[in-house]
Amino acid sequence: MCCLQIYRIILNFAIDNIFKMKRNNIIILSVILALGLLTMLAKPQHKAVKPANEAAIDPAAMQRVLGRVTGKAGAWLEARRLDSLRNIPDSIGGTLTFSDGSAAVGVVVSDGIRIMRTDSTGHYAFRRDKNAKFVFYTVPNYCEVPVHSDSDYTACFYLPITRKRKQYDFRLKRLPHGKERSYKMIVIGDPQVTNAMNPFYTSGDDNPIEKSDVARFTDETMADIRHTIEQWPKDMPVYGLSMGDDVQYYGGYNATLERQIRAALGSSRMRLFSVIGNHDQDGNALYRRKWEQSWGPTDYSFDRGDEHYVCLNNVQFTKSKAYWSPGELTNRQMQWLRRDLAFTPRHKKVVLCYHIPFTFGTTPNEKAHPLNIASEVGHYSSSRLSQLLALLRRFKGGYELFCGHTHFAINHEISFEGHDIMEHCHAAACGNIWQSNINICGTPNGYYVYTFGEAAITDCYYKGTFWPARRQMTLFRADTNFNGESYANDWNLPRSTNMLVANVFNADSRWNVSVIEDSIEHPMFRISSRGQDAFAAGYHHKYCKAMPFRFVSKSNGYLIMNHLFYYEPKRRNSHLTVRAYDPYGNVYEASSYEVVTAPFNNFAHYYKRSK
């Protein structure tokens, strides 16, 4: 911020408050203004630059810059601003305190439009805004994440703004050992429970059992998450992120559906946050209100360890249920994000969380950019991607891009403006919207387990529901007929050679996937292109009721497959061992004895045993 901008802010403040101030305060402020004017007059003149948009300068920026430039005078001025807001009839404010009653100083608070830090007394204040729905704070990394109740561990860091209420106070609880050096983050893509009875099988027959999606998510996904957490030390911090589409009102509107999924997601000891998805809203104001009643603001941030998480609603509807893909953000959201990141120390890693991918999509807005990747024709990057990356590259800890939405697993990699970008698109817990036990890319229903430490991801693996954590792939033969579909047909692979295909769920270009044949290790070749998974497509040819088959098939131009690998054996009947090396030092193996050949009677259809 330049001196002229600072001077204008001070001058505007003086004009707005001159008649409310005491004589001594007017004298002090006059001295500050005079010194500021002299400083600008004495400063050498440089080439003219385009003035910044004054509307983008908020009180939080004023507080920070004035504190540096004018020391105690800046702090005094900000305190006077808060005093003046307290006396304005249409202002809101409050105090943040710790459990012992002491002031929580310097905590970031927002109403979704403005952002500021609490002052030396833990106080904050905003002018009331008709567009603001919540007051909330960025949970500091040295404080416990507050939850809705002892039985509901979903995050509660907000208060709804009501017409008659002016005071919004928060009580923070310090972590006993301060900032956590390492923690687990469980990321859940698209729970997407509906109000319908989707196909559910408990054996290899065609006799479905009637069971709700909420019951399945509770008895399958959450039961498996609790089992995973039980394997870790009791003092290991565990957090969770739902990547949106917590619900979908397929089968009819249900006023309690959001609250039901929140109860399920909050039923373990992980403290869980959620972003909002397209189906949580579907362009319907009532649906969005239901999500907000359960989860709070749609744009917010929180800190854990050396990571700053920012959660955003990047679903912009065009008409009815239609929306831009790749995801987009409004000008107001970008302004809020800039303000939020301005308060974030540069040594941190920023984890940007949202529902719809920013790096690919096939229903773009007019300002989106074609990817110009031969194997991904028809895909675009968001019109906001350049601005977002410019903000994120400032952080020495780097950044991560987390999303859901796709119902297929993909660590999407592109070269953008001279930089290599990876976007982590998380497979869905519901798979193909509870039509089976697999996503449309063949990845089993499940979730991701990240370990963070010192501004880095130190481990990450995919955890299939009821699958061993070490099982990170499935194996097939290229020429196997999966109900009319085959990998040989899809990817023009040789037939009659017993070619092996590995679906390595979480793989990307950093992985090394190989085959051991006759004690010699050979590389496998990676597929990365628009297309389909033959196994998933063949299964859903027969078992798919809620979704059209094209969603699962090569007719879906949105579907990108980039974690299939193939190898042609030297001898047709060789025993093969697939070995996958991930970027975190883990090595996963699978044997050709585990090759899947049945199109229906398998893990896609039913779990052989439930927990």
Side-chain angles (χ1 to χ4, degrees), residues 228 231 408-413 422 424-427 438-439 441-451 456-480 482 486-488 490-491 493-495 497-529 531 533-536 560-598 602-604:
T228 294
Q231 314 307 308
F408 57 89
I410 180 171
N411 292 314
H412 191 239
E413 298 171 85
M422 180 182 291
H424 304 280
C425 302
H426 299 86
I438 55 174
N439 281 256
C441 64
T443 299
N445 297 4
Y447 51 92
Y448 295 74
V449 179
Y450 289 86
T451 305
I457 296 174
T458 59
D459 195 16
C460 174
Y461 64 90
Y462 187 74
K463 178 63 176 68
T465 303
F466 299 148
W467 287 45
R470 297 292 305 171
R471 191 176 178 190
Q472 292 294 306
M473 68 187 87
T474 45
L475 303 182
F476 309 91
R477 296 294 184 182
D479 55 0
T480 300
F482 291 108
S486 75
Y487 293 98
D490 291 344
W491 306 108
L493 301 176
R495 294 179 176 275
T497 61
N498 233 12
M499 178 170 282
L500 190 70
V501 175
N503 189 337
V504 186
F505 313 135
N506 198 29
D508 55 56
S509 64
R510 300 170 300 171
W511 287 56
N512 180 11
V513 182
S514 60
V515 164
I516 299 173
E517 181 182 10
D518 295 332
S519 302
I520 301 174
E521 197 162 356
H522 306 274
M524 294 191 80
F525 297 94
R526 183 183 177 209
I527 293 170
S528 182
S529 177
D533 180 73
F535 171 68
I560 301 171
M561 296 295 301
N562 79 346
H563 48 84
L564 291 178
F565 297 80
Y566 63 90
Y567 172 77
E568 185 173 352
K570 308 300 180 185
R571 293 186 298 107
R572 177 178 172 80
N573 296 318
S574 294
H575 171 257
L576 306 174
T577 298
V578 177
R579 187 172 287 172
Y581 303 81
D582 77 3
Y584 311 106
N586 301 304
V587 181
Y588 302 105
E589 290 189 352
S591 167
S592 57
Y593 294 140
E594 303 167 27
V595 163
V596 178
T597 57
N602 51 52
F603 58 85

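- Within the model, atoms CZ of Arg572 and CE of Met499 stand 11.5 Å from one another, a figure rounded to the nearest 0.5 Å.
- When ring centroids are compared, Phe603 and Phe535 come within the 6.0 Å threshold.
- At least one side-chain heavy atom of Pro444 sits under 4.5 Å from a side-chain heavy atom of Phe505.
- Heavy-atom contacts from other residues, nucleotides or ligands closer than 6.0 Å to OH of Tyr584 number more than 12.
- The shortest non-hydrogen separation linking Asp479 to Arg495 is CB-NH1, 3.9 Å.
- Side-chain contact between Thr480 and Ser486 is absent, with no heavy-atom pair separated by less than 4.5 Å.
- Residue His563 comes nearest to Ala409 through the heavy atom pair NE2-O, 3.0 Å, listed as atom of the first residue, atom of the second, then distance.
- In this structure, Asn602 contributes its side chain and Ala604 its backbone to a donor-acceptor pair below 3.5 Å.
- Nearest heavy-atom pair, Pro523 versus Tyr567, reported as atom, atom and distance to 0.1 Å: O-CD1, 3.9 Å.
- Scanning both residues, Gly442 and Ala536, for their nearest heavy atoms gives N-CB, 3.8 Å.
- Side chain of Asn445 to backbone of Ile438: a donor-acceptor contact under 3.5 angstrom is found.
- Taken from CZ in Arg470 to CD in Glu589, the straight-line distance is 8.5 Å, to the nearest 0.5 Å.
- The one candidate from Val596, Leu475, Ile527, Thr474 that meets the side-chain contact (heavy atoms from CB on, under 4.5 Å) condition with Asn503 is Thr474.
- Using modelled atom types, one finds no donor on one side chain facing an acceptor on the other under 3.5 Å when comparing Asn562 with Asp508.
- With respect to Lys570 and Glu517, no salt bridge is recorded, no charged nitrogen being found less than 4.0 Å from a carboxylate O.
- Taking 4.0 Å as the cut-off between side-chain N and carboxylate O, Glu413 and Arg526 count as a salt-bridged pair.
- With contacts defined as side-chain heavy-atom distances shorter than 4.5 Å, the pair Glu521/Val515 does not qualify.
- Here the straight-line distance linking atom CD of Gln472 with atom OH of Tyr461 works out to 8.5 Å at 0.5 Å rounding.
- When all heavy atoms of Arg477 and Leu500 are compared, the closest pair comes out as NH1-CD1, 3.9 Å.
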Residue pair Tyr447, Thr228: steps toward the side-chain hydrogen bond (donor to acceptor under 3.5 Å, both in side chains) verdict: CA-CA 11 Å; Tyr447 51 92; Thr228 294; 2.7 Å; yes

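- For the residue pair Asn506 and Trp511, the shortest heavy atom distance occurs at O-NE1, 3.4 Å.
- In the model, Tyr487 has a side-chain atom that pairs as donor or acceptor with a side-chain atom of Asp533 under 3.5 Å.
- Looking at Trp491 and Met561, their side chains come closer than 4.5 Å, going by heavy atoms from C-beta outward.
- Taking OG1 from Thr577 and CD1 from Ile516, the interatomic distance works out to 5.5 Å, rounded to the nearest 0.5 Å.
- Taking the charged nitrogens against the carboxylate oxygens, Arg571 and Asp518 do have a contact shorter than 4.0 Å, which makes a salt bridge.
- Aromatic ring centres of Trp467 and Tyr462 lie farther apart than the 6.0 Å criterion allows.
- In the model, His575 has a side-chain atom that pairs as donor or acceptor with a side-chain atom of Ser591 under 3.5 Å.
- Between Phe482 and Phe476, the gap from one ring centroid to the other is short of 6.0 Å.
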